[in-house]
Number of protein chains: 2
Amino acid sequence: MNPSKPQIQAPTCLPAELASSPVFLLGRLGYELKRRATAALEAVGYALYDFSVLSLLAESPCQAQGEIADLLNLDRGQLVGLLDSLEERQLIERQRDPKDRRRQTVKLTRAGRQELGRLRGLVARIEDDFLAALDLNERGELEQLLARVARHIDPRFAERGSVAVAS
Amino acid sequence: MNPSKPQIQAPTCLPAELASSPVFLLGRLGYELKRRATAALEAVGYALYDFSVLSLLAESPCQAQGEIADLLNLDRGQLVGLLDSLEERQLIERQRDPKDRRRQTVKLTRAGRQELGRLRGLVARIEDDFLAALDLNERGELEQLLARVARHIDPRFAERGSVAVAS
DNA sequence: TATTGTTATACTCTATAACTATA
DNA sequence: TATAGTTATAGAGTATAACAATA
């Protein structure tokens, strides 16, 4: 704007206290990542959580809606709309549980599994761009550290099989 | 809530694809951290971003409001309310810049610096709880990795001094 | 009465757009 | 005309509450 003015060195960067704070870093990185993922998915006609829902169903063939919502930190009412949209496109199917007719069990269709494959590529690219500053080894380290933190604060991140419910 | 019920133990944990995805992990951890920080600050009468504002001013004595907003990813209109609240409590002072009377320069008061000290303790505790799964070494590694990712996607995370302002 | 999915409503946060005073 | 701060408005996203069917 005005290169001649000394510009009291208005710091255009964040103070060290914030830039080196895991709290602040995680907050900002999480926010930016969410922003990118939302935009990328929206561009191909999906909502942010559609990928999570499909991924979840791929590993757990049949889930009740409430379980899906709880695992993904979604409101049950919110999930209804997401599932409606996925069902219209025939990526999932809803079926009443005969044992308890209040429950709807949700499962992936073949088309859904296929579409999940496409979205995986998209998500992988977002991740690759985002972590471009790190080499493969470092990405692995980061993932391990984050996963350990996650498992500590939220049991839903537990590794399958290692559930080891306290007797 | 209901410890006696068998709790069908439909997979109560996330699929490996999500639980090991840096994208998903960063999103969820960032969200949870924001939730905790908001609650903790609210409990002592502060808004989430008050800490960031005070911290920023502590390192850069005088900032124009627009600069503060830009650095913190805040809307300028949003920042007004935050500063009003901090000014009422006499933690900051606003002063018109005589060189350009449109600008307000903001600076920390002595009371503000003192209060920042209190809030630092609070934030440190949140961080400590959140990262309890990691030892000090690992926390350092995590911070370094996150900082590098942050610097890559957002120049505002650049280290001070490395700015190398073009003469 | 409690719970599942559903629908409708209210609230919060954020983004957008006017408005003023200076430049 | 453009910009800094301010104020007011609108929209998205989320949380809360009501509802019908089933247990």
Side-chain angles (χ1 to χ4, degrees), chain A residues 1-2 4-5 7-8 10 27-28 30-32 34-35 37-39 41-42 46-50 52-53 62-88 92-107, chain B residues 1-8 10 27-28 30-32 34-35 37-39 41-42 46-50 52-53 62-88 92-107:
Chain A
M1 304 270 157
N2 198 336
S4 63
K5 210 196 259 176
Q7 198 74 335
I8 314 182
R28 282 280 277 260
Y31 178 83
E32 172 63 14
K34 183 179 176 182
R35 203 187 59 75
T38 302
L41 285 167
E42 206 163 80
Y46 288 95
L48 175 60
Y49 294 104
D50 285 340
S52 309
V53 171
C62 283
Q63 291 266 33
Q65 291 191 196
E67 290 160 4
I68 299 173
D70 291 347
L71 278 174
L72 298 179
N73 267 358
L74 286 172
D75 186 88
R76 292 184 180 202
Q78 220 174 322
L79 183 62
V80 173
L82 288 174
L83 293 181
D84 286 346
S85 154
L86 291 173
E87 193 174 30
E88 275 171 30
I92 61 157
E93 278 175 11
R94 281 192 263 212
Q95 240 174 318
R96 290 236 163 261
D97 180 347
K99 314 273 186 189
D100 179 348
R101 293 192 40 75
R102 290 172 306 181
R103 299 164 79 98
Q104 299 251 58
T105 61
V106 186
K107 71 174 185 186
Chain B
M1 301 272 157
N2 199 336
S4 62
K5 212 196 260 175
Q7 199 78 332
I8 311 178
R28 281 280 279 261
Y31 178 83
E32 172 63 13
K34 184 178 176 183
R35 203 186 59 76
T38 302
L41 284 167
E42 207 164 80
Y46 288 95
L48 176 60
Y49 293 104
D50 285 341
S52 309
V53 172
C62 283
Q63 291 265 33
Q65 290 190 197
E67 290 161 3
I68 298 172
D70 291 346
L71 279 173
L72 298 179
N73 267 359
L74 285 173
D75 186 90
R76 292 183 180 203
Q78 220 174 322
L79 182 62
V80 174
L82 288 176
L83 293 181
D84 286 347
S85 154
L86 291 173
E87 194 174 29
E88 274 170 30
I92 61 156
E93 277 174 12
R94 281 193 264 213
Q95 239 175 318
R96 290 237 163 258
D97 180 347
K99 313 272 185 187
D100 180 347
R101 293 189 40 75
R102 290 172 306 181
R103 299 165 77 96
Q104 299 249 62
T105 62
V106 186
K107 71 173 186 187

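Remember, predicted model here, so these are calculated numbers, not experimental data. Naming convention: chains lettered A, B, ... in sequence-line order (proteins, then strands); numbering from 1 in each chain. What's counted below: heavy atoms across the whole structure, side chains too, no hydrogens, waters or symmetry copies.
In this structure, the separation between CD on B:Gln104 and CD1 on B:Ile68 is 10.5 Å, given to the nearest 0.5 Å. To the nearest 0.5 angstrom, A:Leu41 atom CG is 11.5 Å from A:Tyr49 atom OH.
Computed from coordinates, the B:Leu74 CG to D:dG5 P distance equals 13 Å when rounded to whole Å. Atom CG of B:Leu83 is separated from atom P of D:dA4 by 15 Å (rounded to the nearest Å). Between A:Gln65 atom CD and C:dT3 atom P the separation is 18 Å, expressed in whole Å.
With salt bridges taken as basic N to acidic carboxylate O contacts below 4.0 Å, none links B:Asp97 and B:Arg102. By the 4.0 Å N-to-carboxylate-O rule, A:Glu67 lies too far from A:Arg76 to be salt-bridged with it.
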Going 5' to 3' through nucleotides 7-19 of chain C, assign each nucleotide B (protein heavy atom under 4.0 Å from a base atom), S (under 4.0 Å only from sugar-phosphate atoms) or - (no protein heavy atom that close).
-> B------SSB---
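Judged as a side chain to side chain donor-acceptor pair (under 3.5 Å), the pairs with a partner in residues 77-86 of chain A (not counting sequence neighbours) are, in order, A:Asp84-A:Arg94, A:Ser85-A:Arg89.
Side-chain contact check for B:Leu82 versus B:Leu74: some heavy-atom pair is nearer than 4.5 Å.
At C:dT6, one or more side-chain N or O atoms of A:Arg94 fall inside 4.0 Å of OP1 or OP2 (strictly under the cut-off).
Atom CZ of B:Arg96 has more than 12 neighbouring heavy atoms from other residues, nucleotides or ligands inside a 6.0 Å radius.
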What pairs of nitrogen or oxygen atoms, one from the protein and one from nucleotides 21-23 of chain D, lie under 3.5 Å apart?
from	atom 1	to	atom 2	distance (Å)
D:dA23	OP1	A:Arg101	N	2.9

Could you walk me through whether B:Leu71 and B:Gln63 pass the side chain to side chain contact (heavy atoms under 4.5 Å, CB included) test, one step at a time?
-> CA-CA 11 Å; B:Leu71 279 173; B:Gln63 291 265 33; 4.0 Å; yes
